[in-house]
Amino acid sequence: MTHEIAVIPGDGIGQEVTPAALEVLEALPVDFEFVHGEAGDETLAERGEALPAETRELAEEADATLFGAAGETAADVILPLRSAVGSFANVRPARAYPGLDAVQPDTDLVFIRENTEGVYAGIESEITEGVTTCTRVITEDASREIAEYGFRYAKQNGYDDVTIAHKANVMRTTDGLFLDVAESVGDERGADYDTALMDALAMHLIQRPEEYGVVICPNLAGDMLSDLAAGLVGGLGLLPSANVGHENALFEPVHGSAPDIAGQGVANPSAMILSAAMLLDHLGYVEAGDRVRTAVEDVLDEGPHTPDLGGDAPTEDVTDAIVDRL
Ligand code: NAI
Ligand code: MG
C-alpha cells in the first residue's frame with residue numbers, strides 16, 4: 001500500500017536537513033509518495049501567510065508529515081500543523097550515543113508530552129493594564145489519553161521505568177486531576193510507575209538520568225524537561241520528535257531553523273533523519289526504522305561529524321555516510 005507523505009521543509013536549515021531525510025527514505029524498500037508543501041517566514045514574505053491553507057490540507061490528508069523547521073513564524077506554522085494532524089501526544093526521545101561527548105552518557109529518556117492543553121491552550125487575557133492571566137486547561141479525557149499512550153509506549157518499547165511528572169502540590173485542581181487520572185491508568189494496567197514533582201525531577205534528571213525511562217508530562221513541563229534532556233545528550237542536532245494523532249502524525253526535529261548556520265550546508269541531519277525513522281515506525285515499517293537508527297548510530301560513533309559535534313563535515317557527507325550504511 002502506498003503511503004502519502006507530506007514534506008514541509010520550512011525555513012533555514014529545515015531546507016537542508018529535509019532533503020537529507022528524503023534521501024534516506026528513498027534508499028529504503030518502502031512505498032511512499034511525497035507531496036511537497038510550503039510554510040514559514042519565506043512563505044509569509046512571498047504569499048502573505050506563513051501557513052497557506054493548501055499546506056495545512058496536505059498535512060491533514062497525508063498518512064504522515066515530515067516537517068523541517070520554521071523561523072520567526074514557528075508558532076503560526078507548527079501549532080496549526082500539529083492540530084491539523086489531530087496530535088494529542090508529543091513524543092521526544094533523548095538518548096546519548098556512544099562516541100559522542102554527552103554530559104550524561106547513560107541517558108535514555110522518552111518524554112511523552114500532552115500536546116493540546118495546559119498553559120498552551122492559548123487562553124490569555126489582559127484584565128486591566130499591568131494585570132494579565134493565563135488559564136490552564138487540564139481535562140480528564142486528555143490526561144487519560146496521554147497516560148494511556150505513555151504506558152503503552154513504555155511497554156512496547158521495553159522501558160521499565162515510567163514516571164508521571166506533575167506539580168499537584170501547588171496546582172491542586174489541575175495537576176491534581178492530571179495525576180489522579182494518570183495514576184489510575186497505571187493501576188488499571190497493573191504497571192509499575194513513580195510520580196515526581198516536576199521541579200525536583202528536573203534536578204534528578206541531570207544528576208541520575210539512568211534511573212528514568214518514560215516520563216509522562218503535562219504540556220509545558222514536557223516542553224521544558226525534554227529540552228533539558230537535550231542538553232544532557234549533546235545538543236539539538238540529535239533530537240527527533242513525533243506529534244501523534246489518531247489517524248495521522250507529524251515528525252520533526254526538536255531544533256528550529258538555526259539562522260546562525262543556515263545556508264552553510266553544515267547542519268547536522270541526524271535529528272531530522274531520526275524523525276524520519278519515527279515516521280517509519282509509525283507507519284509499521286519498524287525494521288526499516290531500526291535500520292535507519294543503526295546507520296545513524298554508526299555514523300555518530302565513527303564519523304564523519306558536522307561542526308556541532310566537533311567535526312568539519314558538511315551535511316551532505318554525513319547523509320551520504322548514513323545512506324551508505326543502509
Ligand atoms: P535553533 O534550534 O534553531 O538553534 C539553537 C542552536 O542550536 C543554534 O546555535 C543552532 O545553530 C544549533 N542547532 C540547531 N539545530 C542544529 C543542527 N541540526 N545542526 C547543528 N546545529 C544546530 O533555536 P533558536 O536559535 O532558538 O531559534 C531559531 C529560529 O528557529 C527562531 O526563529 C525560532 O522561532 C525557530 N524555532 C522553530 C522551531 C520549529 O519550527 N519547530 C523550534 C524552535 C525554534
Ligand atoms: Mg520547545
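All values derive from a computational prediction rather than experimental measurement. Both ligands and their constituent atoms are indexed starting at 1 by order of listing.
Between Arg47 and Glu54 there is a salt bridge, with a side-chain nitrogen of the basic residue lying less than 4.0 Å from a carboxylate oxygen of the acidic one. Here Glu49 does not pair with Arg56 in a salt bridge; the nearest charged N to carboxylate O distance is not below 4.0 Å.
Using a 4.0 Å heavy-atom criterion, the residues that approach ligand 1 are Ile13, Phe67, Ala69, Ala70, Gly71, Glu72, Ala74, Leu236, Gly237, Glu252, Val254, His255, Gly256, Ser257, Ala258, Pro259, Asp260, Ile261, Ala267, Asn268, Asp308.
His166 and Glu183 share no donor-acceptor pair across their side chains, judged by distance under 3.5 Å alone. The closest side-chain donor-acceptor pair between Tyr120 and Asn115, if any, does not fall under 3.5 angstrom.
Residues Val91 and Ile112 have side chains in contact (heavy-atom distance under 4.5 Å, counting atoms from C-beta outward).
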Could you give the side-chain donor-acceptor pairs of residues 274-288 under 3.5 Å, partners two or more places apart or in another chain?
{"unit_1": "Ser275", "atom_1": "OG", "unit_2": "Glu252", "atom_2": "O", "d": "3.2"}
{"unit_1": "Ser275", "atom_1": "OG", "unit_2": "Ala271", "atom_2": "O", "d": "2.7"}
{"unit_1": "Asp281", "atom_1": "OD1", "unit_2": "Arg293", "atom_2": "NH2", "d": "3.0"}
{"unit_1": "Asp281", "atom_1": "OD2", "unit_2": "Arg293", "atom_2": "NH1", "d": "3.0"}
{"unit_1": "Asp281", "atom_1": "OD2", "unit_2": "Arg293", "atom_2": "NH2", "d": "3.1"}

